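In what follows, a single structure is set out as structure tokens and then discussed.
Residue numbers begin at 1 in each chain, while the letters A, B, ... track the order of the sequences. Since the structure is predicted, the reported quantities are computational estimates derived from the model, not experimental observations.
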Protein chains: 2
Amino acid sequence: MDEETDGIQQNKPAARDLDAIDRKILGVLVDDATISYAELGDRVGLSPPAAHERVKRLRRSGAIRGTVALVDPKAVRKPLLAFVHVDTRGWGKTPELMAISEHPEVEEIHSVAGDSCMLLKVRTEDTRALEGLLARLYETPGVVSTRSYVVLSTYLERPVQPGNTKEWPTPRHMTKPLY
Amino acid sequence: MDEETDGIQQNKPAARDLDAIDRKILGVLVDDATISYAELGDRVGLSPPAAHERVKRLRRSGAIRGTVALVDPKAVRKPLLAFVHVDTRGWGKTPELMAISEHPEVEEIHSVAGDSCMLLKVRTEDTRALEGLLARLYETPGVVSTRSYVVLSTYLERPVQPGNTKEWPTPRHMTKPLY
DNA sequence: CCTGAAAAGTTGCGCTG
DNA sequence: CAGCGCAACTTTTCAGG
């Protein structure tokens, strides 16, 4: 089925390409998924059943991973956002690290290239809760050290946008690469 | 009439506290907002109209910031995720930096404490597009340097979770702070 | 906040391009 | 094959208790 023990990023969610209408639909639904299929059809130039059929296809193909409510972090008492870089000893210890997914405060876990091994996005009620999370991290076998970046202000935060930048003016000092 | 009895009604994200049912509703909708109010009511122990009234209130209060479709990055040709730390000269130049919000590839912009000033989350089609974005960053007045962390694998990525960790076992070596 | 009924939206089906 | 119109069904939404 669609549940994999592997990372989210490396599989095969989307088989074939999306056409212009599909992209337009995604552009609308990424912004507001509460509209009726009648209105969605209007906005993309389709009848309600046709629009619905498209959306069902996008869901089945995995292009739409889900339709969810976005909640205000402050409303659920999580005003403190931080990015935590985690240095680990060896690579096989990631399963142990994954245990912290159980904490609802942890929103993202990535392995990254660069001088850190793992990068976490965590949202807590206060610095004390963040400290508790870091303490749990240090308990995890393989965790060597962490560096935390506490967010002071968030200027932009939005889900994956379907749009691609259509040929932004390339800086003059950038030469064309070979590949 | 609704809640017009109070003088102020407009601009506060989360005015009063959420009760247990509100939190349960958020917990359901954060996972799947496509269910009917009948089923939502069932899951939280409310009639369909009552559940709907709660959700409307959560929307008005700002606790629910929106209901959106989450799209698979690979389906929209953005398989490359990176976090970019940006060092800036001075603080007043942030408005200039905000211009890059125009790029759909930029998903988050935060100012952070630590050795970086700004932190961006960007999702591009390939390394070339990331390079173009970095080039634009360096064009921005005030930008001194950047460090990029390219994501190799994403193990967890989810929206804000309403749940709080209820008294996770505190590590033994952690002593209680004064405040 | 609940029960019930009117209004609106969804979705299956046969048909058309 | 994808989309459209129509009609049955479900859901949303507005009453009154």
message: From the set C:dC2, C:dT10, D:dC4, return the single nucleotide nearest to any side-chain atom of A:Tyr37.
response: C:dT10

statement: note: B:Glu39, atom CD; D:dT12, atom P; distance rounded to Å ~ 10 Å

message: Is there a side-chain contact between A:His52 and the phosphate of C:dT10, meaning an N or O under 4.0 Å from OP1 or OP2?
response: no

query: Within the structure shown, what part of the strands sits under 4.0 Å from B:Ser47 by heavy-atom distance: base, sugar-phosphate, or nothing?
result: base

- line: Closest to the 5' end of DNA chain C, once B:Pro49 and B:Ile21 are matched to their nearest nucleotides, is B:Ile21

- request: Give the rounded distance in Å between these two atoms: CZ of A:Arg57 and P of C:dT11.
  value: 17 Å

statement: Regarding the side chain of B:Ala50, the nearest nucleotide among C:dC1, C:dG9, D:dC4 is C:dC1

In residues 40-52 of chain A, what donor-acceptor pairs under 3.5 Å come from side-chain atoms, sequence neighbours left out?
from    : atom 1 : to      : atom 2 : distance (Å)
A:Arg43 : NE     : A:Glu39 : OE2    : 3.3
A:Arg43 : NH2    : A:Glu39 : OE2    : 2.7
A:Ser47 : OG     : A:Ala50 : N      : 3.4

task: Check the distance between C:dT11's C1' and A:Glu53's CD and give it to me in whole angstrom.
output: 9 Å

field: Check ion pair A:Arg57-A:Asp22 (N to O, under 4.0 angstrom)
entry: yes

field: Short side-chain donor-acceptor distance under 3.5 Å, A:Glu105 and B:Thr165
entry: yes

field: Euclidean distance, atom CG of residue A:Leu46 to atom C1' of D:dA2 [Å, nearest integer]
entry: 9 Å

- request: Starting at atom CD1 of A:Ile35, determine the distance to atom P of D:dT12, rounded to an integer number of angstrom.
  value: 16 Å

- request: Establish, with yes or no, whether the OP1 or OP2 oxygen of C:dG12 is under 4.0 angstrom from a side-chain nitrogen or oxygen of A:Lys56.
  value: yes

message: In this structure, is the centre-to-centre distance between the rings of B:His85 and A:His85 below 6.0 Å?
response: yes

